[in-house]
Amino acid sequence: MSRTERPERLSIRDEAGRERTLAAGKDAFAVSGQGTEPFFLGLGPDPAVAAACLPPGREAAYLECPAFAAAMPPLWQAAIPTQFQALAPEDLTPGRIARSRFYLYRQNLRLFPSFWGALWARIQLALLPAPPARPDGAGPVLLVRTAGGLLEPELARGLTALGRTVTALPAENTVTVLREILAREAPALFLCVNGAGLDADGLCPALLAAAGVRLAVWFVDNPFHVLGRFRAPFWKKAHLFVTDDWFVPKLRELGADSVHHLPLAASRHFFTARPASDPAGQALFVGRSAFPGRDAFFAGCQPPKPLLETARTMLAHGERPDFGWWAHQLGSPRLWPGKAVRRVGCGAEMAGLSWRSACLAALAETLPLALYGDAGWRELLPAARLHGPVEYYAGLAALYAGAAVTVNLTSLLLPHGLSQRHFDVWAAGGVLLTDATPGLHLFPDALTRPMTFRHPGEIADRARDLAGNARLRAELTAGWRELIAGEHTYERRLARLLDVVLGADHS
(Lines give C-alpha, C1' and ligand atoms only; values in the text may rest on other atoms or scores of the structure.)
Protein backbone atom coordinates (compact mmCIF):
# COMPACT_ATOMS: atom_id res chain seq x y z
CA MET A 1 0.00 0.00 0.00
CA SER A 2 1.41 3.43 -0.96
CA ARG A 3 1.75 6.21 1.57
CA THR A 4 -1.13 8.11 -0.04
CA GLU A 5 -3.52 5.17 0.30
CA ARG A 6 -5.60 4.76 3.43
CA PRO A 7 -7.12 1.53 4.74
CA GLU A 8 -10.81 1.07 4.11
CA ARG A 9 -12.86 2.15 7.12
CA LEU A 10 -15.77 0.08 8.33
CA SER A 11 -19.29 1.47 8.46
CA ILE A 12 -22.27 0.41 10.54
CA ARG A 13 -25.96 1.22 10.84
CA ASP A 14 -26.73 2.94 14.12
CA GLU A 15 -29.82 2.22 16.17
CA ALA A 16 -31.83 4.69 14.08
CA GLY A 17 -30.86 2.85 10.89
CA ARG A 18 -28.43 5.49 9.60
CA GLU A 19 -25.13 4.48 8.00
CA ARG A 20 -22.13 5.64 10.05
CA THR A 21 -18.41 5.38 9.26
CA LEU A 22 -16.42 4.12 12.24
CA ALA A 23 -13.45 6.06 13.52
CA ALA A 24 -10.16 4.23 13.85
CA GLY A 25 -6.98 4.71 15.89
CA LYS A 26 -6.18 5.29 19.54
CA ASP A 27 -7.73 8.76 19.43
CA ALA A 28 -11.11 7.11 18.95
CA PHE A 29 -11.03 6.21 22.68
CA ALA A 30 -11.68 8.61 25.55
CA VAL A 31 -9.93 7.75 28.83
CA SER A 32 -11.48 8.43 32.25
CA GLY A 33 -11.89 6.95 35.70
CA GLN A 34 -9.95 6.94 38.95
CA GLY A 35 -8.85 3.30 39.07
CA THR A 36 -5.98 1.35 37.55
CA GLU A 37 -7.67 -1.71 36.02
CA PRO A 38 -8.26 -1.20 32.26
CA PHE A 39 -11.90 -1.46 31.21
CA PHE A 40 -12.97 -0.94 27.59
CA LEU A 41 -16.47 0.35 26.95
CA GLY A 42 -16.60 -1.01 23.42
CA LEU A 43 -13.60 -2.23 21.42
CA GLY A 44 -14.24 -0.25 18.25
CA PRO A 45 -13.88 -1.67 14.73
CA ASP A 46 -10.38 -3.09 15.38
CA PRO A 47 -9.75 -4.78 18.75
CA ALA A 48 -6.01 -4.71 18.01
CA VAL A 49 -6.11 -0.90 18.23
CA ALA A 50 -7.83 -1.16 21.60
CA ALA A 51 -5.10 -3.51 22.81
CA ALA A 52 -2.46 -1.06 21.58
CA CYS A 53 -3.78 1.49 24.09
CA LEU A 54 -2.18 -0.65 26.83
CA PRO A 55 1.27 -2.12 27.44
CA PRO A 56 1.78 -5.42 25.52
CA GLY A 57 0.00 -8.37 27.13
CA ARG A 58 -1.84 -6.25 29.72
CA GLU A 59 -5.07 -7.84 30.92
CA ALA A 60 -8.28 -5.84 30.58
CA ALA A 61 -12.03 -6.15 30.88
CA TYR A 62 -14.42 -5.05 28.20
CA LEU A 63 -18.10 -4.65 27.60
CA GLU A 64 -19.56 -4.59 24.09
CA CYS A 65 -22.93 -3.66 22.66
CA PRO A 66 -24.49 -6.81 21.14
CA ALA A 67 -25.78 -4.87 18.12
CA PHE A 68 -22.28 -3.53 17.42
CA ALA A 69 -20.66 -6.96 17.74
CA ALA A 70 -23.26 -8.51 15.45
CA ALA A 71 -22.50 -5.94 12.75
CA MET A 72 -18.74 -6.58 12.75
CA PRO A 73 -17.05 -8.86 10.18
CA PRO A 74 -16.10 -12.43 11.20
CA LEU A 75 -12.47 -11.56 11.87
CA TRP A 76 -13.44 -8.98 14.48
CA GLN A 77 -14.22 -11.56 17.17
CA ALA A 78 -11.00 -13.45 16.43
CA ALA A 79 -8.99 -10.24 16.83
CA ILE A 80 -10.02 -9.74 20.46
CA PRO A 81 -6.92 -10.36 22.62
CA THR A 82 -7.14 -13.53 24.70
CA GLN A 83 -6.19 -11.59 27.83
CA PHE A 84 -9.35 -9.45 27.46
CA GLN A 85 -12.27 -10.59 29.64
CA ALA A 86 -15.82 -10.02 28.36
CA LEU A 87 -18.24 -8.67 30.98
CA ALA A 88 -21.98 -8.02 31.05
CA PRO A 89 -23.71 -4.76 32.12
CA GLU A 90 -24.62 -6.26 35.48
CA ASP A 91 -20.90 -6.74 36.19
CA LEU A 92 -20.45 -2.96 36.22
CA THR A 93 -20.78 -2.74 40.01
CA PRO A 94 -19.74 0.27 42.11
CA GLY A 95 -16.66 -1.64 43.21
CA ARG A 96 -15.66 -2.46 39.63
CA ILE A 97 -16.21 1.18 38.63
CA ALA A 98 -14.01 2.43 41.47
CA ARG A 99 -11.16 0.10 40.43
CA SER A 100 -11.37 0.80 36.71
CA ARG A 101 -9.62 3.02 34.21
CA PHE A 102 -12.18 3.36 31.39
CA TYR A 103 -11.47 3.45 27.68
CA LEU A 104 -14.67 4.53 25.95
CA TYR A 105 -14.97 4.14 22.19
CA ARG A 106 -16.26 7.66 21.61
CA GLN A 107 -18.77 6.89 18.87
CA ASN A 108 -20.64 4.36 21.00
CA LEU A 109 -22.74 7.05 22.69
CA ARG A 110 -23.91 8.21 19.29
CA LEU A 111 -24.21 4.83 17.57
CA PHE A 112 -26.22 2.98 20.22
CA PRO A 113 -27.24 5.54 22.87
CA SER A 114 -30.02 3.35 24.25
CA PHE A 115 -27.43 0.73 25.25
CA TRP A 116 -24.46 2.90 26.23
CA GLY A 117 -26.20 5.92 27.72
CA ALA A 118 -27.39 4.17 30.87
CA LEU A 119 -23.98 2.50 31.40
CA TRP A 120 -22.15 5.80 30.89
CA ALA A 121 -24.48 7.50 33.34
CA ARG A 122 -24.05 4.74 35.93
CA ILE A 123 -20.28 5.25 35.79
CA GLN A 124 -20.52 9.04 35.99
CA LEU A 125 -22.84 8.89 38.99
CA ALA A 126 -20.71 6.31 40.80
CA LEU A 127 -17.68 8.60 40.55
CA LEU A 128 -19.52 11.53 42.18
CA PRO A 129 -19.88 12.17 45.93
CA ALA A 130 -23.26 11.07 47.25
CA PRO A 131 -25.51 14.11 47.96
CA PRO A 132 -27.47 14.43 51.22
CA ALA A 133 -30.58 12.27 51.24
CA ARG A 134 -33.99 13.95 50.83
CA PRO A 135 -37.54 12.61 51.02
CA ASP A 136 -38.60 11.42 47.59
CA GLY A 137 -39.89 14.34 45.52
CA ALA A 138 -38.75 16.98 48.00
CA GLY A 139 -35.63 18.16 46.18
CA PRO A 140 -35.31 21.27 44.05
CA VAL A 141 -36.61 21.70 40.53
CA LEU A 142 -33.85 22.09 37.94
CA LEU A 143 -35.10 24.63 35.39
CA VAL A 144 -33.18 25.17 32.18
CA ARG A 145 -32.89 28.89 31.40
CA THR A 146 -32.21 29.97 27.83
CA ALA A 147 -30.86 33.35 26.81
CA GLY A 148 -33.85 35.55 26.05
CA GLY A 149 -36.35 32.84 26.99
CA LEU A 150 -39.78 34.38 27.64
CA LEU A 151 -41.46 31.56 29.52
CA GLU A 152 -38.75 30.44 31.94
CA PRO A 153 -38.89 33.53 34.23
CA GLU A 154 -42.63 32.97 34.63
CA LEU A 155 -42.06 29.29 35.38
CA ALA A 156 -39.45 30.14 38.01
CA ARG A 157 -41.88 32.53 39.71
CA GLY A 158 -44.71 30.04 39.51
CA LEU A 159 -42.65 27.21 40.99
CA THR A 160 -41.47 29.46 43.81
CA ALA A 161 -45.08 30.48 44.52
CA LEU A 162 -45.90 26.78 44.83
CA GLY A 163 -43.19 26.37 47.45
CA ARG A 164 -40.59 24.69 45.25
CA THR A 165 -36.90 25.55 45.33
CA VAL A 166 -35.67 26.33 41.81
CA THR A 167 -32.10 25.78 40.58
CA ALA A 168 -31.32 27.33 37.21
CA LEU A 169 -29.28 25.46 34.60
CA PRO A 170 -27.79 26.89 31.41
CA ALA A 171 -28.91 25.48 28.08
CA GLU A 172 -25.25 24.97 27.10
CA ASN A 173 -22.84 22.47 28.72
CA THR A 174 -25.80 21.16 30.68
CA VAL A 175 -24.26 17.72 31.31
CA THR A 176 -21.20 19.26 32.97
CA VAL A 177 -23.29 21.54 35.18
CA LEU A 178 -25.68 18.70 36.00
CA ARG A 179 -22.81 16.51 37.26
CA GLU A 180 -21.76 19.33 39.59
CA ILE A 181 -25.30 19.68 40.92
CA LEU A 182 -25.78 15.95 41.46
CA ALA A 183 -22.61 15.89 43.55
CA ARG A 184 -24.15 18.25 46.10
CA GLU A 185 -27.93 17.78 46.02
CA ALA A 186 -30.73 15.40 45.02
CA PRO A 187 -33.15 17.20 42.68
CA ALA A 188 -36.73 16.03 42.25
CA LEU A 189 -37.34 17.25 38.72
CA PHE A 190 -35.56 18.54 35.60
CA LEU A 191 -37.86 20.85 33.64
CA CYS A 192 -37.14 22.38 30.26
CA VAL A 193 -39.07 24.19 27.54
CA ASN A 194 -38.83 22.83 23.99
CA GLY A 195 -36.04 20.42 24.95
CA ALA A 196 -33.57 23.14 25.95
CA GLY A 197 -30.46 21.69 27.58
CA LEU A 198 -31.04 18.15 26.33
CA ASP A 199 -28.29 16.76 24.10
CA ALA A 200 -28.96 14.87 20.87
CA ASP A 201 -27.57 11.57 22.21
CA GLY A 202 -29.47 11.62 25.48
CA LEU A 203 -26.55 11.79 27.92
CA CYS A 204 -28.27 14.38 30.09
CA PRO A 205 -31.49 12.30 30.33
CA ALA A 206 -29.43 9.17 31.04
CA LEU A 207 -27.68 10.93 33.92
CA LEU A 208 -31.04 12.12 35.27
CA ALA A 209 -32.47 8.60 35.08
CA ALA A 210 -29.47 7.12 36.86
CA ALA A 211 -29.87 9.69 39.64
CA GLY A 212 -33.62 9.12 39.94
CA VAL A 213 -34.51 12.64 38.77
CA ARG A 214 -37.72 12.94 36.78
CA LEU A 215 -37.55 14.65 33.38
CA ALA A 216 -40.36 16.88 32.10
CA VAL A 217 -40.33 18.59 28.71
CA TRP A 218 -42.93 21.25 27.95
CA PHE A 219 -43.35 21.79 24.21
CA VAL A 220 -44.74 25.24 23.51
CA ASP A 221 -43.86 24.91 19.82
CA ASN A 222 -44.40 22.03 17.40
CA PRO A 223 -42.84 19.07 19.27
CA PHE A 224 -41.70 17.26 16.12
CA HIS A 225 -39.56 20.20 15.10
CA VAL A 226 -37.84 19.89 18.47
CA LEU A 227 -37.57 16.09 18.51
CA GLY A 228 -35.93 16.13 15.10
CA ARG A 229 -32.62 17.16 16.66
CA PHE A 230 -32.56 14.15 19.01
CA ARG A 231 -30.90 10.96 17.79
CA ALA A 232 -31.66 8.90 20.90
CA PRO A 233 -35.19 7.81 21.91
CA PHE A 234 -34.81 8.98 25.53
CA TRP A 235 -37.75 11.37 25.12
CA LYS A 236 -40.15 8.43 24.99
CA LYS A 237 -39.50 7.81 28.70
CA ALA A 238 -39.79 11.46 29.74
CA HIS A 239 -42.95 13.24 30.87
CA LEU A 240 -44.03 15.22 27.83
CA PHE A 241 -46.39 18.19 27.96
CA VAL A 242 -47.81 19.85 24.86
CA THR A 243 -49.68 23.13 24.55
CA ASP A 244 -51.58 21.66 21.56
CA ASP A 245 -53.59 18.50 22.26
CA TRP A 246 -53.43 17.43 18.57
CA PHE A 247 -49.95 16.07 19.26
CA VAL A 248 -50.92 13.85 22.20
CA PRO A 249 -51.99 10.76 20.19
CA LYS A 250 -49.21 11.31 17.62
CA LEU A 251 -46.52 11.18 20.29
CA ARG A 252 -48.12 8.14 21.93
CA GLU A 253 -48.17 6.33 18.58
CA LEU A 254 -44.39 6.80 18.42
CA GLY A 255 -43.97 5.17 21.82
CA ALA A 256 -44.04 8.05 24.31
CA ASP A 257 -45.12 6.73 27.71
CA SER A 258 -46.38 9.92 29.36
CA VAL A 259 -47.94 12.67 27.22
CA HIS A 260 -50.24 15.36 28.58
CA HIS A 261 -52.05 18.44 27.32
CA LEU A 262 -50.87 21.53 29.19
CA PRO A 263 -51.91 24.79 27.52
CA LEU A 264 -50.16 28.11 27.85
CA ALA A 265 -51.43 30.56 30.47
CA ALA A 266 -51.34 34.21 31.50
CA SER A 267 -48.23 35.82 32.85
CA ARG A 268 -49.00 37.55 36.15
CA HIS A 269 -47.56 40.95 35.28
CA PHE A 270 -50.21 41.47 32.61
CA PHE A 271 -52.90 41.78 35.29
CA THR A 272 -51.35 45.06 36.48
CA ALA A 273 -51.07 46.67 33.03
CA ARG A 274 -51.82 50.34 32.43
CA PRO A 275 -52.89 51.37 28.91
CA ALA A 276 -50.31 52.94 26.64
CA SER A 277 -51.54 55.89 24.60
CA ASP A 278 -49.71 54.98 21.39
CA PRO A 279 -52.03 52.25 20.01
CA ALA A 280 -55.29 53.90 21.24
CA GLY A 281 -57.95 53.66 18.55
CA GLN A 282 -55.76 51.36 16.49
CA ALA A 283 -55.68 47.68 15.79
CA LEU A 284 -52.54 46.05 17.15
CA PHE A 285 -50.52 43.08 15.95
CA VAL A 286 -47.36 41.89 17.68
CA GLY A 287 -45.29 39.14 16.11
CA ARG A 288 -42.51 38.13 13.76
CA SER A 289 -42.85 37.61 10.04
CA ALA A 290 -40.64 34.51 10.53
CA PHE A 291 -39.16 32.69 13.51
CA PRO A 292 -35.39 33.12 13.97
CA GLY A 293 -33.41 30.86 11.66
CA ARG A 294 -36.49 29.81 9.68
CA ASP A 295 -34.85 29.75 6.25
CA ALA A 296 -31.91 27.64 7.44
CA PHE A 297 -34.23 25.30 9.35
CA PHE A 298 -36.36 24.68 6.24
CA ALA A 299 -33.50 24.67 3.72
CA GLY A 300 -34.30 22.25 0.90
CA CYS A 301 -37.81 21.58 2.23
CA GLN A 302 -39.96 23.60 -0.18
CA PRO A 303 -43.42 22.07 -0.62
CA PRO A 304 -45.01 21.54 -4.08
CA LYS A 305 -46.37 24.82 -5.47
CA PRO A 306 -49.77 23.32 -6.42
CA LEU A 307 -50.28 22.25 -2.79
CA LEU A 308 -49.38 25.72 -1.58
CA GLU A 309 -51.93 27.27 -3.96
CA THR A 310 -54.55 24.81 -2.72
CA ALA A 311 -53.73 25.80 0.85
CA ARG A 312 -54.15 29.50 0.07
CA THR A 313 -57.52 28.86 -1.54
CA MET A 314 -58.60 26.92 1.53
CA LEU A 315 -57.60 29.79 3.81
CA ALA A 316 -59.67 32.25 1.81
CA HIS A 317 -62.72 30.04 2.43
CA GLY A 318 -62.21 29.54 6.14
CA GLU A 319 -60.44 26.16 6.04
CA ARG A 320 -57.16 25.54 7.87
CA PRO A 321 -54.37 23.72 5.97
CA ASP A 322 -52.43 23.11 9.16
CA PHE A 323 -49.56 20.80 10.03
CA GLY A 324 -51.84 17.76 10.05
CA TRP A 325 -53.25 18.61 6.61
CA TRP A 326 -49.76 18.99 5.16
CA ALA A 327 -48.61 15.70 6.69
CA HIS A 328 -51.52 13.91 4.99
CA GLN A 329 -50.97 15.63 1.64
CA LEU A 330 -47.25 14.80 1.66
CA GLY A 331 -47.84 11.09 2.25
CA SER A 332 -47.61 11.02 6.07
CA PRO A 333 -43.81 11.00 6.30
CA ARG A 334 -42.04 9.67 9.37
CA LEU A 335 -42.28 12.27 12.13
CA TRP A 336 -39.25 10.90 14.04
CA PRO A 337 -36.37 10.20 13.71
CA GLY A 338 -34.92 12.30 10.93
CA LYS A 339 -35.77 15.58 9.26
CA ALA A 340 -38.50 14.50 6.84
CA VAL A 341 -40.97 16.24 9.14
CA ARG A 342 -39.47 19.60 8.23
CA ARG A 343 -41.04 19.47 4.77
CA VAL A 344 -44.42 19.16 6.46
CA GLY A 345 -43.60 22.05 8.75
CA CYS A 346 -42.37 24.19 5.86
CA GLY A 347 -45.70 23.83 4.07
CA ALA A 348 -47.60 24.83 7.19
CA GLU A 349 -45.26 27.76 7.84
CA MET A 350 -45.54 29.12 4.28
CA ALA A 351 -49.32 28.80 4.32
CA GLY A 352 -49.33 30.50 7.71
CA LEU A 353 -47.39 33.47 6.37
CA SER A 354 -49.94 33.87 3.57
CA TRP A 355 -52.69 33.66 6.18
CA ARG A 356 -51.17 36.33 8.41
CA SER A 357 -50.47 38.66 5.49
CA ALA A 358 -54.00 38.36 4.07
CA CYS A 359 -55.69 38.90 7.43
CA LEU A 360 -53.56 41.87 8.42
CA ALA A 361 -54.01 43.49 5.00
CA ALA A 362 -57.79 43.18 5.36
CA LEU A 363 -57.65 44.54 8.89
CA ALA A 364 -55.56 47.55 7.83
CA GLU A 365 -58.35 48.59 5.44
CA THR A 366 -60.75 48.90 8.40
CA LEU A 367 -58.70 50.30 11.29
CA PRO A 368 -55.28 51.93 11.52
CA LEU A 369 -52.89 49.02 12.11
CA ALA A 370 -49.91 49.32 14.46
CA LEU A 371 -47.59 46.40 13.78
CA TYR A 372 -44.79 45.55 16.20
CA GLY A 373 -42.33 43.12 14.66
CA ASP A 374 -39.33 42.60 12.43
CA ALA A 375 -38.41 44.37 9.20
CA GLY A 376 -39.72 41.47 7.12
CA TRP A 377 -43.21 42.96 7.42
CA ARG A 378 -42.24 46.03 5.33
CA GLU A 379 -42.38 44.06 2.12
CA LEU A 380 -45.40 41.98 3.13
CA LEU A 381 -47.54 44.85 4.50
CA PRO A 382 -46.27 48.18 3.19
CA ALA A 383 -49.43 50.02 4.34
CA ALA A 384 -49.02 49.07 8.01
CA ARG A 385 -47.42 51.35 10.57
CA LEU A 386 -44.39 49.26 11.45
CA HIS A 387 -42.68 49.54 14.83
CA GLY A 388 -39.74 47.53 16.03
CA PRO A 389 -40.10 44.51 18.30
CA VAL A 390 -41.49 45.14 21.79
CA GLU A 391 -40.13 43.56 24.98
CA TYR A 392 -42.42 40.95 26.51
CA TYR A 393 -41.67 42.00 30.09
CA ALA A 394 -41.43 45.74 29.37
CA GLY A 395 -43.97 47.49 27.15
CA LEU A 396 -46.16 44.73 25.73
CA ALA A 397 -48.80 44.66 28.48
CA ALA A 398 -49.44 48.40 28.13
CA LEU A 399 -49.88 48.05 24.36
CA TYR A 400 -52.45 45.29 24.84
CA ALA A 401 -54.34 47.34 27.41
CA GLY A 402 -54.51 50.45 25.22
CA ALA A 403 -55.29 49.07 21.76
CA ALA A 404 -58.76 49.19 20.24
CA VAL A 405 -58.27 45.53 19.41
CA THR A 406 -55.30 43.15 19.35
CA VAL A 407 -55.35 40.56 16.60
CA ASN A 408 -54.06 37.00 17.00
CA LEU A 409 -53.24 34.75 14.05
CA THR A 410 -52.46 31.24 15.28
CA SER A 411 -49.57 29.36 13.70
CA LEU A 412 -50.64 26.59 11.34
CA LEU A 413 -47.73 24.57 12.76
CA LEU A 414 -50.05 23.97 15.74
CA PRO A 415 -53.33 22.42 14.48
CA HIS A 416 -55.16 22.99 17.79
CA GLY A 417 -52.85 25.68 19.08
CA LEU A 418 -53.34 28.67 21.31
CA SER A 419 -50.84 31.49 21.56
CA GLN A 420 -49.71 33.51 24.54
CA ARG A 421 -51.99 36.32 23.30
CA HIS A 422 -55.11 34.23 24.00
CA PHE A 423 -54.31 34.68 27.69
CA ASP A 424 -52.19 37.82 28.07
CA VAL A 425 -54.36 40.27 26.11
CA TRP A 426 -57.40 39.68 28.31
CA ALA A 427 -55.32 39.64 31.48
CA ALA A 428 -54.02 43.10 30.52
CA GLY A 429 -57.58 44.41 30.13
CA GLY A 430 -57.39 44.47 26.35
CA VAL A 431 -59.65 43.02 23.67
CA LEU A 432 -58.54 40.13 21.46
CA LEU A 433 -59.64 39.32 17.94
CA THR A 434 -58.54 35.82 16.93
CA ASP A 435 -58.83 33.32 14.13
CA ALA A 436 -60.92 30.22 14.76
CA THR A 437 -58.25 27.83 15.95
CA PRO A 438 -59.73 24.56 17.26
CA GLY A 439 -57.72 25.21 20.44
CA LEU A 440 -60.45 27.64 21.51
CA HIS A 441 -62.43 24.64 22.75
CA LEU A 442 -60.53 25.21 26.00
CA PHE A 443 -62.78 28.22 26.69
CA PRO A 444 -66.57 28.78 26.92
CA ASP A 445 -68.27 29.35 23.58
CA ALA A 446 -70.07 32.43 24.90
CA LEU A 447 -66.73 34.16 25.34
CA THR A 448 -65.02 32.98 22.16
CA ARG A 449 -67.85 33.51 19.67
CA PRO A 450 -67.85 37.35 19.65
CA MET A 451 -64.07 37.61 19.14
CA THR A 452 -63.49 34.95 16.49
CA PHE A 453 -63.26 35.05 12.68
CA ARG A 454 -62.75 32.26 10.15
CA HIS A 455 -61.41 33.95 7.00
CA PRO A 456 -59.98 37.34 5.99
CA GLY A 457 -63.37 38.53 4.72
CA GLU A 458 -64.79 38.40 8.26
CA ILE A 459 -62.02 40.21 10.06
CA ALA A 460 -63.10 43.76 9.17
CA ASP A 461 -66.67 43.48 10.49
CA ARG A 462 -65.60 41.66 13.62
CA ALA A 463 -62.86 44.21 14.35
CA ARG A 464 -65.31 47.07 13.82
CA ASP A 465 -67.78 45.51 16.25
CA LEU A 466 -65.18 44.98 18.95
CA ALA A 467 -63.58 48.40 18.55
CA GLY A 468 -66.85 50.37 18.49
CA ASN A 469 -69.14 48.62 20.96
CA ALA A 470 -68.15 49.81 24.44
CA ARG A 471 -70.67 47.57 26.21
CA LEU A 472 -69.53 44.44 24.40
CA ARG A 473 -65.90 45.29 25.11
CA ALA A 474 -66.58 45.75 28.82
CA GLU A 475 -68.55 42.52 29.11
CA LEU A 476 -65.98 40.47 27.26
CA THR A 477 -63.02 41.91 29.15
CA ALA A 478 -64.67 41.33 32.53
CA GLY A 479 -65.65 37.76 31.68
CA TRP A 480 -62.29 36.86 30.21
CA ARG A 481 -60.25 38.41 33.02
CA GLU A 482 -62.24 36.49 35.63
CA LEU A 483 -61.79 33.23 33.71
CA ILE A 484 -58.07 33.73 33.07
CA ALA A 485 -57.31 34.76 36.67
CA GLY A 486 -59.21 31.81 38.09
CA GLU A 487 -58.23 28.97 35.77
CA HIS A 488 -55.43 29.92 33.40
CA THR A 489 -52.37 31.11 35.30
CA TYR A 490 -48.94 29.53 35.25
CA GLU A 491 -49.30 28.57 38.90
CA ARG A 492 -52.27 26.41 37.91
CA ARG A 493 -50.38 24.88 34.99
CA LEU A 494 -47.32 24.10 37.12
CA ALA A 495 -49.41 22.59 39.89
CA ARG A 496 -50.86 20.24 37.28
CA LEU A 497 -47.38 19.41 35.93
CA LEU A 498 -46.02 18.65 39.40
CA ASP A 499 -48.99 16.42 40.19
CA VAL A 500 -48.43 14.43 36.99
CA VAL A 501 -44.67 14.09 37.36
CA LEU A 502 -44.24 13.78 41.12
CA GLY A 503 -47.66 12.35 41.99
CA ALA A 504 -47.98 11.52 45.66
CA ASP A 505 -44.45 12.83 46.19
CA HIS A 506 -45.65 16.38 45.49
CA SER A 507 -46.60 18.32 48.59
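Small disclaimer: the values here were computed from a predicted structure and weren't measured.
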Could you go through residues 329-349 and list every donor-acceptor pair under 3.5 Å that involves a side-chain atom there, pairing it with any protein atom two or more places apart or in another chain?
residue : atom : partner : partner atom : Å
R334    : NE   : P337    : O            : 3.2
W336    : NE1  : L227    : O            : 3.0
W336    : NE1  : F230    : O            : 3.1
R342    : NH1  : F297    : O            : 3.1

Residue pair [X] / [Y]: nearest heavy atoms and the distance that separates them:
{"X": "R294", "Y": "L353", "result": "NH1-CD2, 3.9 Å"}
{"X": "A266", "Y": "A427", "result": "CB-CB, 4.1 Å"}
{"X": "G139", "Y": "R164", "result": "O-NH2, 3.0 Å"}
{"X": "V501", "Y": "A216", "result": "CG2-CB, 4.1 Å"}
{"X": "P153", "Y": "G149", "result": "CD-O, 3.4 Å"}
{"X": "G42", "Y": "W116", "result": "N-CH2, 3.4 Å"}

Quick check for you: to the nearest 0.5 Å, what is the distance between [X] atom [atom1] and [Y] atom [atom2]?
{"X": "L142", "Y": "L182", "atom1": "CG", "atom2": "CG", "answer": "7.5 Å"}
{"X": "L396", "Y": "L150", "atom1": "CG", "atom2": "CG", "answer": "9.5 Å"}
{"X": "S411", "Y": "D244", "atom1": "OG", "atom2": "CG", "answer": "9.5 Å"}
{"X": "I12", "Y": "R18", "atom1": "CD1", "atom2": "CZ", "answer": "13.0 Å"}

Task: Side-chain heavy-atom pair W246, L414 within 4.5 angstrom cut-off - done: no
Open item on the list: Are L127 and I97 packed together at the side-chain level, in the sense that at least one heavy-atom pair is separated by less than 4.5 angstrom?
Closed with: yes
Of all residues at least two apart in sequence or in a different chain, which pass the ring pair (Phe, Tyr, Trp, His ring centres under 6.0 Å) check with [X]?
{"X": "F443", "result": "F423, W480, H488"}
{"X": "F270", "result": "Y392, Y400"}
{"X": "H260", "result": "F241"}

Test salt bridge (charged side-chain N to carboxylate O under 4.0 Å, His left out) applied to [X] - qualifying residues, sequence neighbours left out:
{"X": "R157", "answer": "E154"}
{"X": "D245", "answer": "none"}
{"X": "R20", "answer": "D14"}

- [ ] Would you please test W120 and L109 for side-chain contact (heavy atoms from CB on, under 4.5 Å) and show each step?
- [x] CA-CA 8 Å; W120 173 89; L109 296 172; 3.9 Å; yes
Within the distance-only criterion (no hydrogens, no angle test), does the side chain of [X] pair as donor or acceptor with the backbone N or O of [Y] below 3.5 angstrom?
{"X": "T437", "Y": "G417", "result": "yes"}
{"X": "R493", "Y": "L264", "result": "yes"}
{"X": "H261", "Y": "T243", "result": "yes"}

Determine all donor-acceptor pairs shorter than 3.5 Å in which one atom belongs to a side chain in residues 189-197; sequence neighbours excluded.
residue : atom : partner : partner atom : Å
N194    : OD1  : V220    : N            : 3.0
N194    : OD1  : D221    : N            : 3.3
N194    : ND2  : D221    : OD2          : 2.9

TODO: State which residues pass side chain to side chain donor-acceptor pair (under 3.5 Å) with Y103; sequence neighbours excluded, sorted by chain then number.
DONE: none
TODO: Tell me, please, which residues at least two apart from W218 pass side chain to side chain donor-acceptor pair (under 3.5 Å).
DONE: none
Let me check something: any side-chain donor-acceptor pairs from residues 21-38 under 3.5 Å, sequence neighbours excluded? List them with distances.
residue : atom : partner : partner atom : Å
K26     : NZ   : A52     : O            : 3.2
E37     : OE1  : R99     : NE           : 3.4
E37     : OE2  : R99     : NE           : 3.3

What do you reckon, is [atom1] of [X] surrounded by more than 12 foreign heavy atoms closer than 6.0 Å?
{"X": "E19", "atom1": "CD", "result": "yes"}
{"X": "H328", "atom1": "NE2", "result": "no"}
{"X": "E487", "atom1": "CD", "result": "yes"}

TODO: Give a yes or no on whether a salt bridge exists between D374 and R288, defined as a side-chain N under 4.0 angstrom from a carboxylate O.
DONE: no
TODO: Assert yes or no for the condition that the ring centre distance of Y62 to Y105 is strictly below 6.0 Å.
DONE: no
Would you tabulate the side-chain donor-acceptor contacts of residues 63-87 under 3.5 Å, counting partners in other chains and residues two or more places apart, or write 'none'?
residue : atom : partner : partner atom : Å
E64     : OE1  : L43     : N            : 2.9
W76     : NE1  : G44     : O            : 2.8

Open item on the list: Parallel, tilted or perpendicular, judged at 30° and 60°: which one describes the rings of F247 and F323?
Closed with: tilted
